[in-house]
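Every chain is numbered from 1 and lettered A, B, ... according to where its sequence line falls, protein lines coming before strand lines.
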Amino acid sequence: MNTETPAPPERGDFIREIVAVDLREGRCQTVVTRFPPEPNGYLHIGHAKSICLNFGIAREFGGRCHLRFDDTNPAKEEQEYTDAIQADVRWLGFDWGAHLYYASDYFEQLYEWAVELIKAGKAYVDDLSADEIREHRGTFTEPGRESPWRSRSAPESLDLFERMRAGEFADGARVLRARIDMAAPNINLRDPVLYRILHAEHPRTGAAWCIYPTYDFAHGQSDAIEGISHSICTLEFEAHRPLYDWLIDNLPVPSRPHQYEFARLKLTHTVMSKRVLLRLVNEGHVRGWDDPRMPTLSGLRRRGFPAEGIRDFVAMVGVAKTDSVVEVEMLEHAVRNVLNRTATRRFAVLDPLKVVIENYPEGQIEEMEVTNNPEDPSAGTRRLPFTRELWIERDDFMEEPVRKFFRLAPGREVRLRSAYFVTCHEVVKDAAGTVVELRCTYDPATRGGAAPDGRRPKATLHWLSAAHAVPAEVRLYDHLLRSPYPGAGDGDPFDDLNPDSETVLRGCLAEPSLADVPVGETVQFERLGYFCPDPDSSPAALVFNRTLTLRDTWAKLQAQGRQDKA
RNA sequence: UGGCGAGUGGCCUAAUUGGCAAGGCACCUGACUCUGGAUCAGGGGAUUGAAGGUUCGAGUCCUUCCUCGCCAGCCA
């Protein structure tokens, strides 16, 4: 929530370096950046990098950052996305103040500039179809051919352009093109389309327009209108920069923005393409755009990732022009790092195994004082009821303990966290041979979890009083995609779908206070990991999502053991 | 194939513009521990894509080559 938090001293990446120099040498007075999403989908972690970069630079250099919707294609854009995007940017911790803009706010100005371009002989109306334009464009190795309409007079183009606006022509009938160079080695300069006819209802301008500027014609000019000093975008726009500059140079724009490109964020085991994300949602592979397995900001939020962790991660990754893929482990590290510091500790048992303390008085209840967060003394303590019948984690017991397993086993003593030392004396099984109950004794002298004689069990277990535990559903999450590079090459990312990316556990038990955790807060289930209530959760039916496991060296050992045998 | 861009331990990023290749993640040890967490200490791992050249000295400058990415939407 705290947007004031000065980001950890940001490393000076090459863009910040440019900004610093421009400021120092007076090429610009105040730095003005912008985050320009198209409202045609949900924001994902890749956008977070851009958001942190743009808003971060503005904050660090005492400038400002605009939120501008690049809403130039009414065929794909929706109000729903506009709202979700704003909520996500705010949640991430950034504030655009009064600087909320829409490219559609500039449609009239853009139109006037287009007219000026036509009058100057630098743009013309082309009657060629989309297919014909493509054919005329040439290839990487062959120059393009000029459209027969390229030599059309300015007055004629002007007349046609006005009639395009007036709605006289059908979609695709004509376009406005810049007159640059059909032989340019950069294909973006081969008379790029500036306006197209689209008889579509625009979320903001309604039916006011039936011609819409393309990205190339809208973006740079919008930057200029807003006085953007540094227009930061991803690498794939590099080839557009000459066109960006050409338009700025040939139009009477009020300011001179410059475009800089950086490598977009890619993550292992993750797919970021809006098309694929949409398919995941539509084909029902996930619960929605905000499914905890989705890389969307809403998904990460539902998963319990704190915004601060995402910001830290982005800072950790850095900014460069190298096309790269970051290991998700780095994101997870950043998230664990803030959660370890901030998450309240609670007890929950995912796979309960009954324990009966035979020498503990029946009907007795003791309130044991438990630390809420050893990393943060100010988080205080709470009281947990301890009784004769308890639940522990089934994984915490082994009838025939293997080497290096130092939890509970027959004849072995362990500590129940903040309670007592207990020793297992008997294993009760059902007809099928499944362990259903452990008969144990406790040492009354170890109350609180410490022995007067100084003995120290090798393991400390979490536990729950059987009479007090409340039921809960817990959803475990793992990578959505098994392969670190889903769909690499010509593969289909859907071939990599992990069938076990979500595991729903229904028989879990939780300490009573867990019913009070609000959605949006992530807690630690001691020794298990970080968990947060899902929006599906209700007081009557608790549902928790596993954000991440704790770093687990025992699990790692087990996994290695399995590999050794294989 | 034309244009543009990028190559630094497994991954990400630095290197004060020519001066002992640094940090984070990951991995491995050990210490400590009422979370097999955290923390602390240590470790392995790089002929800086390759080959030449300039220089006392090159990740950095020059040449050639190789590899990868992006661009032929009336998407952004």
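Using a 4.0 Å heavy-atom criterion, one finds that A/Lys458 contacts no nucleic acid atom at all. No engagement by A/Leu461 is indicated, since no non-hydrogen atom pair under 4.0 Å with the nucleic acid exists. Counting non-hydrogen atoms under 4.0 angstrom, A/Arg551 reaches the backbone sugars and phosphates but no base.
A salt bridge does not link A/Asp126 to A/Arg152: none of the charged side-chain nitrogens sits closer than 4.0 Å to a carboxylate oxygen. Salt-bridge formation is not detected for the pair A/Glu38/A/Lys76: no Lys NZ or Arg NE/NH1/NH2 atom is positioned less than 4.0 Å from an Asp or Glu carboxylate oxygen. Between A/Lys321 and A/Glu238, at least one side-chain nitrogen of the basic residue sits less than 4.0 Å from a carboxylate oxygen of the acidic one, meeting the salt-bridge criterion. Contact check on A/Glu226 versus A/Arg34 returns no salt bridge, with no Lys/Arg side-chain nitrogen under 4.0 Å from an Asp/Glu carboxylate oxygen. Electrostatic pairing of A/Asp552 and A/Arg527 does not count as a salt bridge here, judged by no charged N lying under 4.0 Å from a carboxylate O. Taking the charged nitrogens against the carboxylate oxygens, A/Arg382 and A/Glu369 have no contact shorter than 4.0 Å, which rules out a salt bridge.
If you check distances only, the side chain of A/His240 does reach the base of B/rA76 with a donor-acceptor pair under 3.5 Å.
Across B/rG37, B/rC71, B/rC12, the shortest atom-to-atom separation from the side chain of A/Val326 is found for B/rC12. Considering only the side chain of A/Glu375, B/rA38 comes nearest among B/rG36, B/rA38, B/rU35. Considering only side-chain atoms of A/Thr322, the nucleotide from B/rC74, B/rG7, B/rC25 that sits closest is B/rG7. When each of B/rU35, B/rC25, B/rA76 is scored by its nearest atom to the side-chain atoms of A/Asp70, the top-ranked nucleotide is B/rA76. For A/Arg137, whose side chain is taken as the heavy atoms from C-beta onward, the closest listed nucleotide among B/rA72, B/rC25, B/rA76 is B/rA72. Distances were taken from every side-chain heavy atom of A/Leu550 (C-beta onward) to each of B/rC12, B/rU35, B/rC74; the shortest belongs to B/rU35. The side chain of A/Glu526 sits closest to B/rU35 out of B/rU35, B/rC25, B/rA72. When distances run from any side-chain atom of A/Thr72 to the nucleotides B/rC25, B/rG36, B/rA76, the shortest one goes to B/rA76. Ranking B/rA72, B/rG37, B/rA76 by closeness to the A/Glu236 side chain, first place goes to B/rA76. Checked against B/rU35, B/rG69, B/rA76, the side chain of A/Thr460 finds its nearest nucleotide in B/rU35.
The aromatic ring centroids of A/Tyr111 and A/Phe161 lie less than 6.0 Å from each other.
Rounded to an integer number of Å, the gap from A/Asn340 CG to B/rU35 C1' is 10 Å. Whole-Å rounding puts the A/Leu265 CG to B/rC11 C1' distance at 13 Å.
Secondary structure note: stems in RNA chain B built from 3 or more consecutive Watson-Crick or G-U wobble pairs under 3.5 Å occupy B:2-7 with B:66-71, B:10-13 with B:22-25, B:27-31 with B:39-43, B:49-53 with B:61-65.
For the residue pair A/Tyr442 and A/Glu413, no side-chain donor N or O sits within less than 3.5 Å of a side-chain acceptor on the partner.
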N/O to N/O distances under 3.5 Å, protein versus nucleotides 2-4 of chain B:
{"residue": "B/rG2", "atom": "O4'", "partner": "A/Phe140", "partner atom": "O", "Å": "3.4"}
{"residue": "B/rG2", "atom": "N9", "partner": "A/Phe140", "partner atom": "O", "Å": "3.3"}

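Taking side-chain N and O atoms only, A/Lys556 has a distance below 4.0 Å to OP1 or OP2 of B/rC28.
For the P atoms, the distance from B/rA15 to B/rG49 is 15 Å, rounded to whole Å.
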